[in-house]
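Accompanying notes for the structure given below.
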Amino acid sequence: MRWDVSSPNMGSCGHICASWRRLLVLFFRLVFLVPAGLPVHSQGDSQTDGKVMDNITVKQGETVFLRCAQGGDIVTRTAWLNRSSILYAGEDKWSVDPRVSLVTFNQDEFTIKIEDVDVTDEGLYVCAVQTSRRSRTTSVHIIVQVSPIIFILSKDILVNEGSNVTLMCQASGKPEPSLSWKLLSPSGDLASEDEYLDIPGISRHKAGTYQCTAINDVGSDVQTVEITVNYAPSVSEGRDVGVALGQRGVLECQVDAVPEAQFEWYRDDRRVFDNLNGMQIENIGQLSKLTFLNVTEADYGNYTCMAINKLGSSITSFVLYEIIEPTSSTLLQGPGAVQDGNNGSQETRVHTVTCLLLAVIYQFLLWF
Ligand SMILES: *[C@@H]1O[C@H](CO)[C@@H](O)[C@H](O)[C@H]1NC(C)=O
Ligand SMILES: *[C@@H]1O[C@H](CO)[C@@H](O)[C@H](O)[C@H]1NC(C)=O
Ligand SMILES: *[C@@H]1O[C@H](CO)[C@@H](O)[C@H](O)[C@H]1NC(C)=O
Ligand SMILES: *[C@@H]1O[C@H](CO)[C@@H](O)[C@H](O)[C@H]1NC(C)=O
Ligand SMILES: *[C@@H]1O[C@H](CO)[C@@H](O)[C@H](O)[C@H]1NC(C)=O
Ligand SMILES: *[C@@H]1O[C@H](CO)[C@@H](O)[C@H](O)[C@H]1NC(C)=O
């Protein structure tokens with residue numbers, strides 16, 4: 001038995017064919033027991049064709065079918081090979097891989113399938129057919145694509161304002177995924193178009209949720225990192241408050257701070273405590289309220305709110321001053337109303353002036 005392996009057009013199909021042919025010789029020697037020493041040379045009526053099929057591109061985990069046309073001739077020998085190993089020789093399974101199985105085997109077609117394809121399966125597969133007249137090979141390249149998976153990602157971080165921050169994101173996948181960073185909230189802006197995101201001298205406005213996206217032809221992976229930026233408190237300026245004797249008065253102190261600030265209240269230099277001397281202190285998140293349940297003469301004065309966190313503190317002062325209660329509006333306002341100094345005292349003055357004016361006119365009219 002002799003096998004033609006050297007064909008005149010071998011140069012045109014390059015190394016793959018050449019090495020494949022060497023393989024094929026080995027294979028057929030093994031299968032058909034050609035003595036190794038026997039010279040292999042061409043014979044007039046026998047030919048070998050090498051056909052290269054289009055590449056097959058599959059996603060990792062999918063099933064791939066390897067189809068080989070038998071040409072309708074009387075096939076004497078046929079086999080599917082993965083590199084140097086025989087997967088199937090005719091109907092006989094040589095591969096021990098349970099993912100490989102026979103689909104069709106007849107005069108026209110020889111098809112096997114590989115289930116749950118992985119990246120290691122990528123490569124050249126060859127179907128070798130020997131008919132009574134010729135031997136023929138069909139080779140096909142399997143390309144396995146893998147959806148991206150982010151495998152390195154910066155941890156959530158907590159930094160002080162002004163720090164230099166670098167986030168990193170790395171992903172695997174085939175083809176090589178492209179990476180990008182964006183700030184999800186509040187802005188949604190694209191922050192970087194590669195695996196690194198540099199934020200020099202971070203400000204409080206750059207705090208938020210950052211998203212890394214890894215994307216390729218077959219899929220994407222998305223992960224997020226939280227950046228918390230700490231900064232010292234800043235309290236908004238206090239507004240003086242005028243309250244009538246016996247009324248309820250409230251001083252409100254609003255702060256902006258991360259982490260959340262602790263509040264302290266002072267009357268001049270003395271600390272003011274909750275539920276002492278008719279005062280209550282209530283802290284709701286970023287707001288602290290100092291409430292006078294029933295303002296007395298001694299309550300009028302200068303109050304200071306101090307907000308403190310580990311990065312610093314901030315103060316603001318308020319003056320609680322007396323206003324003369326307008327008799328008519330007392331009923332309307334009643335206890336519980338927070339009175340605004342300027343507004344209240346102006347109203348009072350206008351009201352008093354109007355009353356006086358009416359009284360004078362009335363007196364004047366009575367004279368006549
Ligand atoms: C098939 O894939 C191989 C390896 O990636 C490549 O070298 C070759 O050009 C591809 N052939 C076709 C026809 O796409
Ligand atoms: C093909 O050969 C490669 C390398 O030996 C191996 O890793 C892979 O599992 C084989 N695939 C099949 C389907 O036989
Ligand atoms: C941040 O980086 C700049 C230059 O890139 C450097 O001058 C500065 O000292 C760094 N700041 C901190 C807090 O590391
Ligand atoms: C406020 O205090 C005064 C004097 O102690 C008292 O007469 C008045 O009833 C109090 N008012 C309220 C609303 O508690
Ligand atoms: C109130 O007290 C603060 C702190 O002691 C001081 O800076 C501020 O000038 C005072 N305000 C008034 C109106 O006296
Ligand atoms: C006066 O009070 C009214 C409501 O009572 C408020 O709408 C207005 O803004 C206040 N004016 C000033 C100058 O605070």
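Numbers here are sequence positions counted from 1. Every number for a ligand or one of its atoms is a count from 1 in the order of the listing. Scope of the values below: all heavy atoms of this structure, side chains included, with no hydrogens, waters or symmetry mates. Keep in mind it's a predicted model, so treat the numbers as computed, not measured.
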Check whether any side-chain N or O of [X] sits under 3.5 Å from a backbone N or O of [Y] as a donor-acceptor pair, and report yes or no.
X    : Y    : value
W80  : F110 : yes
N309 : P259 : yes
K289 : C253 : no
T316 : G238 : yes

Quick one: nearest non-hydrogen protein atom to [atom], plus distance?
atom                    : value
atom 8 (C) of ligand 1  : N55 ND2, 3.7 Å
atom 5 (O) of ligand 5  : T304 OG1, 4.4 Å
atom 7 (O) of ligand 5  : S317 OG, 4.6 Å
atom 12 (C) of ligand 5 : N302 ND2, 3.2 Å
atom 13 (C) of ligand 5 : V319 CG2, 3.6 Å

> So, is N164 polar-close to ligand 3, with some N/O to N/O distance under 3.5 Å?
Replying inline: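 In this structure, N164 places an N or O atom under 3.5 Å from an N or O of ligand 3.
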>> Yes or no, since that's all I need: does a protein heavy atom fall within a distance strictly under 4.0 Å of atom 1 (C) of ligand 3?
In response: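 It does: a protein heavy atom is found less than 4.0 Å away from atom 1 (C) of ligand 3.
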> Counting from 1, what ligand 1 atoms have a heavy atom of I143 closer than 4.0 Å?
Replying inline: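 Atoms satisfying the 4.0 Å criterion: 2 (O).
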> Is the closest N or O pair between H141 and ligand 1 shorter than 3.5 Å?
Replying inline: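 No.
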> Just how far is it from atom OH of Y210 to atom CG of L183, taken to the nearest 0.5 Å?
Replying inline: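 Rounded to the nearest 0.5 Å, the OH-CG separation comes to 4.0 Å.
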>> Heavy atoms only, cut-off 4.0 Å: how does I315 contact ligand 5, side chain, backbone, both, or neither?
In response: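 No part of I315 is near ligand 5 at this cut-off.
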>> Checking side-chain polar atoms at under 3.5 Å, does N283 have a donor or acceptor matched by the opposite partner on S288?
In response: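 On atom types as modelled, these side chains qualify, holding a pair under 3.5 Å.
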>> Is the shortest side-chain heavy-atom distance between N164 and P200 below 4.5 Å?
In response: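 In short, these two side chains touch, coming nearer than 4.5 Å.
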